[in-house]
Amino acid sequence: MSEFTKTAIVTGASRGIGKAIALRLAEAGMNVAVCARNEAILSTYNDSRIMPVIADVSDFNQVEELVNQVLEQFGRIDVVVNNAGITRDNLLMRMSNEEWEQVLQVNLTGTFYVCRAVIRQMLKQRYGRIVNIASVVGVAGNPGQANYAAAKAGIIGLTKSLAKEVASRQILVNAVAPGYIDTDMTQVLSEQQKQSIVNHIPLGRVGQVGDVAELVHYLVSDTNMYITGQVINVDGGLVI
């Protein structure tokens, strides 16, 4: 199948890693539906291959509408990248029910909703590529992020289970676990906090959104025909 004919959905695509992935897939010739809650930021896209869709992945009805819009516009869904996520950091002993539930609902349940909404179409096509954006925090844990770590660890389990369910239909499902990537989310850290993290990275530097986008592009391209159910860290060696 030519990449020119593929259609992709990228959630959490208003900025950072999600936007970099969306632009990379469009550059590769795919039609890309970019999904986020922020209409103003989505309107900054000016690529004719990119279709902005306002949707909250934590709301199943909005996810269903997203998928219906993409199918109506392009007729098929070949690639899905689940990147939508939020943080509500706090020590567990101080973490509110709302901080826990909001992160789990968006990051984990939202990924489940999107996967469930697209998988039937991919099964009919006997083709599909799903990449779920996890985090090294879901692999190694992190103080003050029990909710985020739990959600990302859940995504890893979801990825491996779904990969086993759909492999016979040539649908590949993988997870990418970024480490410390230079984004709006990490720029709020103090210089001291940033340097402390960099000191633990064997490559001695932070990652860029393009590092993640290139790996995602490889995983969803037809160059990849045999990698599924894997979790690949993009972290400069932070978690080895």
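Source: prediction; values computed, not measured.
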Exercise. Identify whether NZ of Lys or CZ of Arg in Arg116 sits under 6.0 Å from the centre of the six-membered ring of Phe60 and within 45° of that ring's axis.
Key: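 Here Arg116 passes the 6.0 Å and 45° test against Phe60.
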Closest heavy-atom contact between [X] and [Y]?
X      : Y      : value
Val34  : Ala13  : CB-CB, 3.7 Å
Ala55  : Leu66  : CB-CB, 4.4 Å
His200 : Leu238 : O-CD1, 3.4 Å
Tyr218 : Thr223 : CE1-CG2, 3.4 Å
Ala22  : Val32  : O-CG2, 3.9 Å
Ala134 : Ile156 : CB-CG1, 4.0 Å

In one Ile/Leu/Val/Met/Phe/Trp/Tyr side-chain cluster, 4.5 Å: [X], [Y]:
X      : Y      : result
Val81  : Leu23  : yes
Phe112 : Leu162 : yes
Met30  : Ile9   : no
Val63  : Phe74  : yes
Leu123 : Tyr113 : yes

Under 3.5 Å, is there a donor-acceptor pair between the side chain of [X] and the main chain of [Y]?
X      : Y      : answer
Asn224 : Ile227 : yes
Gln193 : Ser190 : yes
Asn68  : Glu64  : yes
Gln121 : Ile77  : no
Gln145 : Asp89  : no
Ser196 : Gln192 : no
Asn132 : Ile155 : no

If you define the side chain from C-beta out and look only at heavy atoms, does anything of [X] sit under 4.5 Å from [Y]?
X      : Y      : value
Gln102 : Glu98  : yes
Pro178 : Asp235 : no
Ile133 : Val216 : yes
Arg24  : His217 : yes
Val131 : Asn82  : no
Arg169 : Ile119 : no
Gln208 : Val206 : yes
Met95  : Asn147 : yes

Would you say the side-chain atoms of [X] and [Y] include a donor-acceptor pair closer than 3.5 Å?
X      : Y      : value
Gln230 : Asn174 : no
Asn90  : Glu99  : yes
Gln170 : Arg126 : no
Asn83  : Thr11  : no

Practice problem: Report the C-alpha distance between Cys35 and Val57 in whole Å, list the side-chain angles of each, state the deciding distance to 0.1 Å, and finish with yes or no for side chain to side chain contact (heavy atoms under 4.5 Å, CB included). | Solution: CA-CA 9 Å; Cys35 162; Val57 299; 4.2 Å; yes
Quiz item: Between Lys6 and Asp222, is there a salt bridge with N-O shorter than 4.0 Å?
Solution: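 Answer for the salt bridge query: yes.
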Quiz prompt | Ser58 side, atom OG; Glu101 side, atom CD - distance, nearest 0.5 Å | solution =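 Rounded to the nearest 0.5 Å, the OG-CD separation comes out at 12.5 Å.
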Practice problem: Determine, stepwise, if the pair Val70 / Met51 fulfils side chain to side chain contact (heavy atoms under 4.5 Å, CB included). | Solution: CA-CA 9 Å; Val70 175; Met51 179 181 79; 4.0 Å; yes
Self-check item: Audit row: Arg37, Ile86, side chain to side chain contact (heavy atoms under 4.5 Å, CB included) steps and yes/no
Solution: CA-CA 12 Å; Arg37 294 179 294 181; Ile86 62 171; 3.7 Å; yes
Exercise. Output, in order, the C-alpha distance, side-chain angles, deciding distance and verdict of side chain to side chain contact (heavy atoms under 4.5 Å, CB included) for Ile232 and Leu219.
Key: CA-CA 10 Å; Ile232 304 176; Leu219 290 172; 4.1 Å; yes
Exercise. Check the surroundings of atom CD in Gln195: do more than 12 heavy atoms from other residues, nucleotides or ligands lie under 6.0 Å from it?
Key: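 Yes - once you tally the heavy atoms of other residues, nucleotides and ligands closer than 6.0 Å, there are more than 12.
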Quiz item: Around atom CD of Glu39, are there more than 12 heavy atoms of other residues, nucleotides or ligands at under 6.0 Å?
Solution: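 Open.
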Exercise. Please determine which of Val137, Val139, Asn107 meets the side-chain contact (heavy atoms from CB on, under 4.5 Å) test together with Lys152.
Key: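 Only match with Lys152 under side-chain contact (heavy atoms from CB on, under 4.5 Å): Asn107.
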